[in-house]
Amino acid sequence: MIDEVEPINQARRFAKYWVYRERGYDTLSLNENPHRIAAVALVLAGLSTDSFEEHFTDLYLQVASHYGETDPPVTLPEGARPTHVTYRTDVYLGLDDDALATLAAAVTDPAATESLRSVQNGDGTHRSFEAVLSPILEAGETDAVGDLSADDLLEAVSGIHVHWDDSAGVYHTEWGEQPPLERDPDARIDLLPYDPASFAEFRGHLIRILYCQVRDCYLGMGIAPPDAFRLQGHGIHEFATWYEHYDFYERYHDPNATVSTWYEEHTPEGIYDLPAFAGGE
């Protein structure tokens, strides 16, 4: 049972994060590195409208196909039930450790967080990448990103992966096409079917999911996420399943649930500082 083994799992995840943070070793696998996921959220917020639609229209159409007359780009595999499916897309950024540190710092800056919140709300407001980054750029941290735009930093996006559990509760994945890159993606967006109101709302929804994934990374280590990421909703699907079915965690995946703890009492001082190898102190 997860209630019995999860404290041990949390300790292991925290140890891996600590080694990454202190030594710069690549100890964190996909969807375990909150800095990379946060950087993807910032890049998605800053993409031009044309670039966002170029890379994410198929995913938009796939989730919308569950409602109305939209044809899905990917046909559901045999045995996959529409109510038991999630869609996953891998996002690859072209950045080095210094750029990663700059973007991760920008995401947690209060001014940038306010801007990203407006994108999450899907209010149709689109601010340029430079405007979102301005608090960091004004502080002199310009070398890492230079004159690169968000469109420049988005290196590749995978095809759509279909993930589902069958009537026996066994999980399956049908993998979409991957770009010819010999490395892990920076984030894997995990999306439940829903009816997007517009591309602007859809962009905000993806960013909110990424914020919730950052939240899950920290909660999975048994510590509180930074304030910017203390929001409720679907993030990493496996975590949402744990939140739903086990008493160990509260219902962080449920936007309407009452949450009583963010684990502040278990959070070491200074743990949100960026890794020393990537521009931290």
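What you see is a predicted model, and the numbers here were worked out from it, not measured in a lab.
- Aromatic rings from His253 and Phe239 are positioned such that their centres are separated by 6.0 Å or more.
- Of the N and O atoms on the side chains of Glu250 and Ser260, at least one donor lies less than 3.5 Å from an acceptor on the other residue.
- Rounding to the nearest 0.5 Å places CG of Asp165 at 9.0 Å from OG1 of Thr86.
- His163 has its side chain within reach of Tyr171: a pair of non-hydrogen atoms, C-beta onward, lies under 4.5 Å apart.
- Taken together through direct or relayed side-chain contacts under 4.5 Å among Ile, Leu, Val, Met, Phe, Trp and Tyr, Leu59 and Trp175 form parts of separate hydrophobic clusters.
- Both Val259 and Tyr263 are assigned to one and the same hydrophobic cluster, defined by single-linkage of ILVMFWY side chains at heavy-atom distances under 4.5 Å.
- You'll find the side chain of Ile271 reaches within 4.5 Å of the side chain of Trp18, heavy atoms only.
- Note: Phe56 and Phe52 meet the aromatic proximity criterion, with ring centroids under 6.0 Å apart.
- Note that CG of Leu210 and CG of Asp190 are 10.5 Å apart. Values are rounded to the nearest 0.5 Å.
- With values rounded to the nearest 0.5 angstrom, Asp26 atom CG is found 7.5 Å from Asp184 atom CG.
- For an aromatic pair to be called close, the ring centres must be under 6.0 Å apart, and His66 with Tyr87 satisfies this.
- Side-chain contact between Ile189 and Leu44 is present, with heavy atoms from C-beta onward closer than 4.5 Å.
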Inset, instruction - Applying side chain to side chain contact (heavy atoms under 4.5 Å, CB included), run through Leu231 and Cys212 and close with a yes or a no. - result: CA-CA 7 Å; Leu231 71 168; Cys212 289; 4.0 Å; yes
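- Looking at heavy atoms from C-beta onward, Asp90 lies out of side-chain contact with Val157 at the 4.5 angstrom threshold.
- Phe199 and Phe202 have perpendicular rings, their planes meeting at more than 60° on a 0 to 90° scale where under 30° would count as parallel.
- Using a 4.0 Å cut-off between charged nitrogen and carboxylate oxygen, Glu238 and Arg88 count as a salt-bridge pair.
- Among all heavy-atom pairs drawn from Ile37 and Val214, the shortest one is CG2-CG2, 3.6 Å.
- Taking the six-membered ring for Trp and the full ring otherwise, Tyr252 and Trp262 have centroids separated by under 6.0 Å.
- Within 6.0 Å of atom CZ in Arg12, 12 or fewer heavy atoms from other residues, nucleotides or ligands are found, so the atom counts as exposed in its surroundings.
- By the rule that hydrophobic residues join a cluster once side-chain heavy atoms approach within less than 4.5 Å of another member, Tyr246 and Tyr249 end up as members of one cluster.
- When the shell of 6.0 Å around CD of Glu264 is examined, it contains more than 12 heavy atoms from other residues, nucleotides or ligands.
- Using a 4.5 Å cut-off on side-chain heavy atoms (C-beta onward), Thr89 and Ile160 make contact.
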Legend entry - Derivation of the salt bridge (charged side-chain N to carboxylate O under 4.0 Å, His left out) call for Arg13 and Glu6: CA-CA 10 Å; Arg13 295 186 196 108; Glu6 190 60 7; 2.7 Å; yes
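- Looking only at side-chain heavy atoms (C-beta outward), Leu93 and Leu154 come within less than 4.5 Å of each other.
- Within the 4.5 Å cutoff, the side chain of Glu32 has no heavy atoms near those of the Tyr20 side chain.
- Taken from CZ in Arg208 to CD in Gln213, the straight-line distance is 13.0 Å, to the nearest 0.5 Å.
- Using cut-offs of 30° and 60° for the angle between ring planes, the His237 and His234 rings count as tilted.
- Taking OH of Tyr194 as the start and CD of Glu201 as the end, the distance is 3.5 Å to the nearest 0.5 Å.
- Residue Glu265 qualifies as enclosed at atom CD: its count of foreign heavy atoms under 6.0 Å is above 12.
- When each of Trp242, Tyr211, Tyr243 is paired with Asp216, the side-chain hydrogen bond (donor to acceptor under 3.5 Å, both in side chains) condition holds for Tyr243 and for no other.
- At a threshold of 4.5 Å between side-chain heavy atoms, the hydrophobic network of Ile, Leu, Val, Met, Phe, Trp and Tyr places Ile207 and Tyr92 in two separate groups.
- To the nearest 0.5 angstrom, Thr267 atom OG1 is 9.5 Å from Met221 atom CE.
- Among residues two or more places apart in sequence or in another chain, the salt bridge (Lys or Arg N to Asp or Glu O under 4.0 Å) test is passed with Glu54 by none.
- In this structure the side chain of Gln10 never reaches within 4.5 angstrom of the side chain of His266, judged on heavy atoms.
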